[in-house]
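Here the structure is laid out as structure tokens; the discussion comes afterwards.
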Amino acid sequence: MINFLIVITVFISMEGATWLIHKYIMHGFLWILHKDHHDHSTDGSLEKNDYFFVIFALPAIALMYFGSLEGFNYVFYIGLAITFYGMAYFFVHDIFIHQRVKLFRNTKSSYFLALRRAHKQHHKHLDKYFGECFGFLYVPKKYFKTKK
Amino acid sequence: MKPYTYFLILLFTVFVCFIASFDKRIEFHKHFGAFIKSAILVAIPYILWDVWFTIHGIWWFNFDYTSGIVIAGLPIEEMLFFICIPFSCVFTYFCFDTFFKLDWLSGFNNIIVFLSIIVCSLIALLHPEKTYTFVTAIATIIILIYLHFIVRATWISQASFVYLILMLGFFPVNGILTGSGLESPIVNYNPDEFLGIRMLTIPVEDAVYGYSQFLWVIYFFKLFQKRESSIG
């Protein structure tokens, strides 16, 4: 039960971490990897931005490894939560928002539509500075439009 | 009959695919050249791996089921395994690639590579003393990193999907080799050197080992295919 709570808590706090990492690292010194996600300067379907999957895999691996050495203690579950967040990120960001796989095109859920709008807003800024909407699963209220 | 068991398994594996290769709608026989080159190229490291594992007793063969021709400690059938099994696998991949539009799967490459690297790294870190487990996990990580980040292959998900379908053949073939339906297995594994998790009789490592081998063969097959078509 406590492990379940750890996974949920870490998963939620990953949203904050993502915001920080996205704003200050990806749009900071690692902009070189994130740039092509905004300006599509790379040929082919793999973006340099996709290296972040590996970068986030490393702490997850380390945490799960050391956690399992200690008899699968809380450290393991923190790593697991990061992995789950990575999977959620893939399904929402890669598939739903950027349509790398053409699924869920015609959603009517107001949350998902707002999410898409917020992400679009983020992508309006093609350069490193003056971005907005750095979060991912959390969507500011103003992007929820009332239905027509 | 018994000494031909292993040989017959290989024969059945190849037979149907070989005949179907000449079907007008498939015409896989036009790609035999590209296939054989890629299969041999991949067979070399995998046979060396096999020889090394046999020498160190990580696995061994029951010669009651083989013809008795032995090269470098391996029955000749085991050598042929590295041509016959890839043949049916590449044939199946070729058919799926020809008849179904599976390009849309390529969006899944990130998640497949992400999860596989996490799982394989964890298993390798946790069981470095289990040689079969460790070497298989490392080999899989290397091929996935190479294909995804260096080659930027778009077909990793397609190949993985076809590999899932190939499980239909993997279970009977590898099942018999590992002892399903036989008095004793043809291939035996040292219990200290693998996780001990078996799917029916098949060690779970075999599926991952097959996956890494399959990806390599497809990679070279596509490479030689492209070269042939650019020459022809």
Side-chain angles (χ1 to χ4, degrees), chain A residues 14 33-34 36-37 40-73 75-105, chain B residues 97 100-130 133-134 136-138 140-162 164 195-197 208 215 219 222-223 226:
Chain A
M14 272 301 286
L33 291 180
H34 189 53
D36 68 350
H37 185 56
H40 306 286
S41 54
T42 309
D43 293 333
S45 51
L46 186 86
E47 298 171 348
K48 283 209 185 78
N49 187 52
D50 294 329
Y51 287 117
F52 282 106
F53 270 105
V54 177
I55 294 173
F56 284 109
L58 298 177
I61 293 167
L63 288 165
M64 285 199 274
Y65 170 62
F66 290 111
S68 48
L69 290 185
E70 302 291 325
F72 293 92
N73 67 358
V75 178
F76 174 83
Y77 289 97
I78 296 175
L80 194 64
I82 297 179
T83 307
F84 286 153
Y85 193 81
M87 290 164 68
Y89 184 86
F90 168 78
F91 283 108
V92 176
H93 181 264
D94 280 25
I95 294 189
F96 177 72
I97 298 177
H98 288 292
Q99 290 287 303
R100 283 186 165 185
V101 183
K102 309 286 179 225
L103 285 173
F104 317 115
R105 275 170 150 169
Chain B
D97 202 26
F100 301 100
K101 289 228 174 306
L102 293 177
D103 302 347
W104 60 275
L105 282 169
S106 69
F108 288 104
N109 286 359
N110 266 333
I111 196 77
I112 289 179
V113 172
F114 176 73
L115 286 181
S116 306
I117 288 181
I118 289 182
V119 172
C120 288
S121 308
L122 269 185
I123 301 280
L125 283 166
L126 290 171
H127 301 284
E129 77 293 348
K130 295 189 161 75
T133 312
F134 183 77
T136 306
I138 297 292
T140 309
I141 293 171
I142 292 172
I143 172 80
L144 284 173
I145 289 184
Y146 178 71
L147 288 179
H148 191 53
F149 294 109
I150 299 173
V151 178
R152 298 178 171 229
T154 52
W155 47 265
I156 297 173
S157 308
Q158 275 159 270
S160 308
F161 175 72
V162 172
L164 271 183
L195 290 174
I197 305 166
V208 184
L215 290 176
Y219 168 63
K222 281 177 178 284
L223 211 67
K226 209 187 272 175

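We use all heavy atoms of the structure for the numbers below, so side chains are in, but hydrogens, waters and symmetry mates are not. Here is how names work: the chains are called A, B, and so on, in the same order as the sequence lines, proteins then strands, and each is numbered from 1.
- Across all non-hydrogen atoms, the minimal contact from Ala57(A) to Ile118(B) is CB-CG1, 3.7 Å.
- With Asn110(B) as the partner, the side chain to side chain contact (heavy atoms under 4.5 Å, CB included) test is satisfied by one option alone out of Val54(A), Asp50(A), Ile95(A): Asp50(A).
- Looking at Ile145(B), neither its backbone nor its side chain comes within 4.5 Å of chain A, counting heavy atoms on both sides.
- Both the backbone and the side chain of Ile61(A) come within contact range of chain B, with heavy atoms under 4.5 Å apart.
- At least one side-chain heavy atom of Val101(A) sits less than 4.5 Å from a side-chain heavy atom of Phe108(B).
- Atoms CZ and CH2, from Arg100(A) and Trp104(B) in turn, are 15.5 Å apart once rounded to the nearest 0.5 Å.
- Here the straight-line distance linking atom CZ of Phe53(A) with atom CD1 of Ile117(B) works out to 11.5 Å at 0.5 Å rounding.
- Between Tyr51(A) and Phe149(B), the ring center distance clears the sub-6.0 Å criterion.
- Dense packing is recorded around OH of Tyr65(A), with more than 12 heavy atoms of other residues, nucleotides or ligands lying under 6.0 Å away.
- To the nearest 0.5 Å, atom OG of residue Ser68(A) and atom CG of residue Leu126(B) are 4.0 Å apart.
- Ranked by heavy-atom pairs under 4.5 Å with chain B, the first of Thr83(A), Leu58(A), Leu69(A) is Thr83(A).
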